[in-house]
Amino acid sequence: MTKEEIFKTYSECIMPTYRRQNVIFVKGKGTKLWDIDGKEYLDFFPGWGVNNLGHCHSKVMCAIRDQVSKLIFVPNNYLTVQQAKLAKEINFWAYDSKVFFCNSGAEAIESAIKFSRAYGKGERYEIITFLNSFHGRTCGALSATGQEKHKKPFEPLVPGFKTVTFNDIEQLKQTITAKTVAILLELVQGEGGVNIADKNFVLELRKICDEKNILLIFDEIQTGMGRTAKLFCYEHYGVIPDLMVLAKAIAGGLPLGVLVAKREIADSLQPGMHGSTFGGGPVVCKAALAVFRAIQKEKLITNAQKMGDYLKEKLINLKEKYSCIIDVRGLGLMYGVELNIDGKILVEKALSLGLLINCTQDKVIRLMPPLNVTKKQIDKAAYILEKVFKELECKKI
């Protein structure tokens, strides 16, 4: 198809659920993407963090090819080798647990919601979440999300959710009732503007949950799999959740969601209470195993820490030079740059210069390069960003 035919087909045949950029990608490798005209781009926001290893990582591609040639699908009332291996791998690197496999982050959140209500046995069902959180677009996940702009068009949503201010422990304490069964949070709110949970706040949450037999649920859909320079973000806090939700980067670009539950409570969901037709199929599980191997063998957690520090340094340098930058915040290779101008303009100009980034909350630029990013690539991204700031005539301080 020609570019014109593709644009026309999107307009006529695909629902307008995304604000799409007028670029058509046809190939990707590592941090690079190429469009239909052969133009090269540096990808510093690879699929909302799906491609933590970059595009088409060799270990992931080999795993997929090998499994596709053997077995693509069997339903979950049978056993498969790859699913067993992946469950064991997650148990080894996370904490003593059992897992449930599904297809996406939103599905994994739905699983956590159902698990919580099953755990509450009809007596406790309320879940506390936080302002500016984002947990997905299904009705249950949306009900948990703390952003009215996403929820309002679909009301009434699922009852039983209460939203409080992020990092406000006193408000949270006042919100807990005899019906509270779980507290759900992102340790770094990605869609909320890269807001980081305070360590003392998280420690207090763990204490409260232990005292009141409340489930502590960490949404690590975006922060998991090395994104914050730990395999899982909770490692920064010295706190283990009762439930953890994974997705995005875990299968190297293929759709996989995971609910991880502490072993002692994991049997709250019994046969017939929940399921997922395609969840944890042989191909995606083998891809996920390759992701775990790549992260360990290529020492990508160490690289994420080093390159994260380097990226932070570059961003702070820009902040010191341009008054349109209000704040720089993040962990590992997950950074937000808060502006006092419309961030979408910056995203569009960066795209035209060959750099892919993202804007959230209107004025926060997100950068989440692959874990194997290099100093040279960060230098190039910083150079393009500075060029954009100059074009926007951001006044130098």
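All values derive from a computational prediction rather than experimental measurement. Throughout, residue positions are numbered sequentially from 1 according to the sequence presented. Keep in mind that the numbers below use all heavy atoms, side chains included, and drop hydrogens, waters and symmetry copies.
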Please report the interatomic distance [atom1]([X]) to [atom2]([Y]), rounded to the nearest 0.5 Å.
X: I183; Y: T129; atom1: CD1; atom2: OG1; answer: 10.5 Å
X: I176; Y: L172; atom1: CD1; atom2: CG; answer: 4.5 Å
X: I295; Y: N303; atom1: CD1; atom2: CG; answer: 12.0 Å
X: L243; Y: I113; atom1: CG; atom2: CD1; answer: 11.0 Å

Do the side chains of [X] and [Y] get close enough for a salt bridge, i.e. N-O under 4.0 angstrom?
X: K32; Y: D43; answer: no
X: D35; Y: K27; answer: no
X: D66; Y: K286; answer: yes
X: K59; Y: E298; answer: yes
X: D168; Y: K173; answer: no
X: K8; Y: E12; answer: yes
X: R329; Y: D327; answer: yes

Distance-only polar pair, side chains of [X] and [Y], donor-acceptor under 3.5 Å:
X: E126; Y: T177; value: yes
X: Q361; Y: Q147; value: yes
X: S133; Y: E186; value: no
X: Y310; Y: D379; value: yes
X: N103; Y: S276; value: yes
X: W93; Y: Q296; value: no
X: E220; Y: T223; value: yes
X: N317; Y: E313; value: no
X: T228; Y: H236; value: yes

For this session: Treat each ILVMFWY residue as a node, draw an edge where side-chain heavy atoms are under 4.5 Å apart, and state whether I365 and I325 are in one component.
Result: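 I365 clusters together with I325.
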For this session: Using the rule that two of Ile, Leu, Val, Met, Phe, Trp, Tyr join whenever any of their side-chain heavy atoms come within less than 4.5 Å, decide whether F44 and I345 are in one cluster.
Result: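 Same cluster.
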Exercise. F100 and F115: aromatic ring centres closer than 6.0 Å?
Worked result: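 Not under 6.0 Å, so no.
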Exercise. Hey, does the side chain of R227 reach the backbone of G332 with a donor-acceptor pair shorter than 3.5 angstrom?
Worked result: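 No; judged by distance alone, with no hydrogens or angles, the pair does not exist.
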Exercise. S143 side chain to C139 main-chain N or O, any donor-acceptor pair under 3.5 Å?
Worked result: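 Here the side-chain-to-backbone pair exists.
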Problem set entry | K199 to Y237, cation-pi by 6.0 Å centre distance and 45° axis angle |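 Because its charged atom misses either the 6.0 Å distance or the 45° angle limit, K199 does not stack over Y237.
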Exercise. Are C233 and L331 close enough that some pair of their side-chain heavy atoms sits under 4.5 Å apart?
Worked result: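 With C-beta onward as the side chain, the pair touches.
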Problem set entry | Heavy-atom pair with the smallest gap, counting every atom of N200 and D198 |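 Shortest heavy-atom contact: N-OD2, 3.1 Å.
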Problem set entry | For Q189, the option from T360, N195, N132 that meets side chain to side chain donor-acceptor pair (under 3.5 Å) |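 So the option named by the test is N195.
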For this session: For the residue pair F278 and F73, categorise the inter-ring angle as parallel (less than 30°), tilted (30 to 60°) or perpendicular (more than 60°).
Result: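 Ring orientation, 0 to 90° scale: tilted.
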For this session: Applying side chain to side chain contact (heavy atoms under 4.5 Å, CB included) between V291 and each of I250, V60, L300, report the one that passes.
Result: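 Running side chain to side chain contact (heavy atoms under 4.5 Å, CB included) over I250, V60, L300 with V291 returns exactly one hit, V60.
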